[in-house]
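Each ligand, and each atom within it, is numbered from 1 in the order the structure gives.
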Amino acid sequence: MEIPKESTTNNLQPTTMKKLIVFNWKSNPHNAASAIKLAQLVEKSIPKKNAPEVVIAPPFIFLEDVGKIIKKAELGSQDAFWGDVGSYTGEISWHQEKHLKVKYVIVGHSERRKYLGETDEMINKKIKAALKAGLKVILCVGENLSIRRRGKKTVEDFIKSQLSKDLKGLSIVKGQMSNVIIAYEPIWAIGAGHSDTPQDAVEMIKFIKKTLNSIFYILNSRVLYGGSIDGKNIKNFIQYKEIDGFLVGNASLKQKEFDRIIKA
Ligand code: PGA
């Protein structure tokens, strides 16, 4: 099913799917009772009609509790190890996550790359294992400030290199790529209280879609933006059809903020 590059690159289509909002709770909250409360509030915020797709990604330890509560939202995890159950001390396997009804897994978040030394090779293995298990993958890519300061071309080269290494060996023919969602998260905007400009974010998202098209011949990959999205600035981003959704950290812990994001 090879499609010639020339026939596709000029025809990139925005996806017609609903916006996808992924709430990344990171290492929050303190205990199960607070996690349950938070999940209940998110559920309450999701309207019955015309709702976006909402994914809650709590820490592993709360997956089961949150999974039992949510009905409108889907369950996501913040990572999944590439091995099945076995001798992998401290790791959580996709097998265990599937058992808890996890549907989405975030892979390659910049905080894991930075604090845990996750490499592109490790990320690639995790993506392959998660896809094989039938999970949808949300792959995070994004440049740091020093790369950003070197200009657009350097940023594009960096993102392209992350995409090619992290997605190495995946095939559209096997249907794998339809379960891969990219989150563009400029590292300098994460938890910073100031997002990228919507225009710059859209430019990068278009670049990512084009890159995926040239590597995998995909016409309508889903690409999210992440980095200090909140209840206020969401309205500046939501109007762009190229942005297929949002990966939200801090604001996903505050009712007023996530309520506005979902309603936007
Ligand atoms: P933030 O985090 O919304 O707090 O910037 C986003 C993320 O890290 O996914």
Quiz prompt | Where at least one partner belongs to residues 32-42, residue pairs that pass side-chain hydrogen bond (donor to acceptor under 3.5 Å, both in side chains), sequence neighbours excluded | solution = Asn31-Ser34
Exercise. Sequence neighbours left out, what pairs pass side-chain hydrogen bond (donor to acceptor under 3.5 Å, both in side chains) with at least one residue falling in residues 81-94?
Key: Asp84-His95
Quiz item: Applying a heavy-atom distance cut-off of 4.0 Å, which protein residues contact ligand 1?
Solution: Asn24, Lys26, His109, Glu185, Ala189, Ile190, Gly191, Gly227, Ser228, Leu247, Val248, Gly249, Asn250
Self-check item: Closest non-hydrogen atom pair between Lys26 and Pro59, with its separation
Solution: O-CG, 3.2 Å
Quiz item: Does the pair Arg113 and Asp166 meet the rule for a salt bridge (Lys or Arg N to Asp or Glu O under 4.0 Å), with working shown?
Solution: CA-CA 12 Å; Arg113 294 183 194 249; Asp166 296 348; 2.8 Å; yes
Less than 3.5 Å apart, which donor and acceptor atoms pair up between the side chains of residues 128-138 and the rest of the protein, not counting sequence neighbours?
unit_1: Lys128; atom_1: NZ; unit_2: Asn124; atom_2: OD1; d: 3.1
unit_1: Lys128; atom_1: NZ; unit_2: Lys168; atom_2: O; d: 3.1

Exercise. Describe, in one word, how the ring planes of Tyr225 and Phe246 are oriented to each other, choosing from parallel (under 30°), tilted (30 to 60°) and perpendicular (over 60°).
Key: perpendicular
